[in-house]
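We count ligands from 1, going down the list as the structure has it; atoms in each ligand are counted the same way. Along the sequence shown, residues are numbered consecutively beginning with 1.
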Amino acid sequence: MAIENNPEEEFDTVFSLNDSPQLSSHSEQDCGKARIFKIIVIGDSNVGKTCLTYRFCGGAFLTNPEATIGVDFRERTVELDGERIKIQEDHHFFLCCTLYSANSCSLAHTHLLPLRCTY
Ligand SMILES: Nc1nc2c(ncn2[C@@H]2O[C@H](COP(=O)(O)OP(=O)(O)OP(=O)(O)O)[C@@H](O)[C@H]2O)c(=O)[nH]1
């Protein structure tokens, strides 16, 4: 069973360079303790990638999202079976375009791609 963060205390997120630095509360101390899982979220523009990841990492729905240019990055630490696990999430619009052209398939929904796990 996963124990979720208290969003107000442990919401780790890194927004794009244009956003306020006060929103980031990433702790360097956490990096060495938790196993890290990286996830890529891809999908067409305006399908809800930003809101989905913000909701997962921040515990709240983003009411006024702006279009993401390039890549957005957030992370969240959860406790699973007594182990601290850090989930790092990138969401990409450009990668989606690349996959869309390569596969000639529709990416009308948000997709989650597990990338790798590091210690
Ligand atoms: N009704 C509804 N609207 C949603 C939901 N998730 C996101 N939206 C709306 O969909 C629009 C796009 O959401 P974003 O999260 O910015 O979408 P995105 O895929 O990150 O868009 P890009 O940054 O352009 O790639 C916004 O107006 C959101 O308010 C949802 O679950 N339900």
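- Rounding to the nearest 0.5 angstrom, the gap separating the CD atom in Glu89 from the CZ atom in Phe73 is 8.0 Å.
- For the side chain to side chain contact (heavy atoms under 4.5 Å, CB included) criterion with Ile87, the lone passing option out of Ile36, Thr77, Thr53, Ile39 is Ile39.
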Self-check item: side-chain contact (heavy atoms from CB on, under 4.5 Å) assessment of Leu62 paired with Thr50
Solution: CA-CA 8 Å; Leu62 191 58; Thr50 301; 3.6 Å; yes
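- Lys49 places no side-chain N or O within donor-acceptor distance of the main-chain N or O of Val41, the cut-off being under 3.5 Å.
- A cation-pi arrangement is present between Arg76 and Phe56 under the rule of less than 6.0 angstrom and at most 45 degrees off the ring axis.
- Of the listed residues (Gly48, Ser45, Gly43), the one carrying the non-hydrogen atom nearest atom 13 (O) of ligand 1 is Gly48.
- Listed by atom number, the atoms of ligand 1 under 4.0 Å from Thr68 heavy atoms are 22 (P), 23 (O).
- Taking each of Cys51, Ala67, Pro65 in turn, the one with a heavy atom nearest to atom 7 (C) of ligand 1 proves to be Cys51.
- The shell of residues lying under 4.0 angstrom from ligand 1, judged by heavy atoms, includes Asp44.
- Close N/O approach between Phe61 and ligand 1 is not found [any backbone or side-chain N/O within under 3.5 Å].
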